[in-house]
Amino acid sequence: MPQSFEIILRVGCAALVFAAMALWEWFAPRRKLIAGRRPRWPGNLAILAIDIVAVRLLIPTAAVGVALIASAHGWGLYALFGLPGWVAIIAGVIALDLVIYIQHYIFHHVPLLWRLHRMHHADLDIDVTTGVRFHPLEILLSLAIKMAAVIALGVPALAVLIFEVLLNVTSIFNHSNVALPRRLEHVARWIVVTPQMHQVHHSIERGETDSNFGFNLPWWDRLFGTYRAQPAAGEQNMKIGLPIFRDIAELRVVRLLTQPFRNAD
Ligand SMILES: [Zn+2]
Ligand SMILES: [Zn+2]
């Protein structure tokens, strides 16, 4: 599988979903934005650009490359059990999703890691650009954890590729400021993390921030007791963000990058 194909697939899928969700939330927003787009989008999109450059420069082989190396050497649990191809691919995607759920939970509960991750939560609204707003150090650390999981489990390269495309696309989808029709949403949240479900995770109330950790599959939260159906203040009235970094100046890219190293506005 040539690396250029992987990049085109990932960028193509993410760009398509980004454009579709941006249009949808433009015409039919779920919530009225508090800070709005103008002060937020330049910083959030600049962070996306920095993340892409950081990953390509520092870890050019990425997780798919590691999967190819692991399979060439017969490393990992899957190789050990000799699972048939399609079973290994489905199991691989689900296993990586569980790893990301656990990682997200840990990033909330270990103070040093929370400093990196809280920049994602400090956004004053959530919309499609919040889905790409992750500190570059968090992105690199998260990629390293994923690569370690790929080697340890021996996840097939195709499963890694599917997972990476899914993770990019669902993150953009479930941060977007759109509302699925209520009845459809109730069914959908058993299959995938919906925007209404992830919104609870961006509540300023710490008990709600520490819930709904899933990105793709909603099952882990229900299984491990971290699921919360609705915010206490209601979907429209709940406050988004963190108690710190509420100044509008904190939305600028330099401030976003330095937030892990500062304690207040
Ligand atoms: Zn979080
Ligand atoms: Zn989020």
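Positions are given from 1 along the sequence. Atoms within each ligand, like the ligands themselves, are counted from 1 in listed order.
- By the 30° and 60° cut-offs, the orientation of the rings of His175 relative to His198 is perpendicular.
- Restricting His117 to its N, O or S atoms, the one at the least distance from the Zn ion (ligand 1) is NE2.
- Checked for salt-bridge contact, Arg262 and Glu250 meet the test: a charged N lies under 4.0 Å from a carboxylate O.
- If you check the side chains of His120 and His201, you find no donor sitting under 3.5 Å from an acceptor.
- Within the sub-2.8 Å shell of the Zn ion (ligand 2), the protein contributes these N/O/S atoms: His120 NE2, His175 NE2, His198 NE2, His202 NE2.
- Side chain of Arg30 to main chain of Ser176: a donor-acceptor pair is present (N/O by atom type, distance under 3.5 Å, no hydrogens or angles).
- In this structure, the separation between NE2 on His186 and CZ on Arg189 is 6.5 Å, given to the nearest 0.5 Å.
- Note: Phe213 and His109 have tilted aromatic rings, judged against thresholds of 30 and 60 degrees for the angle between ring planes.
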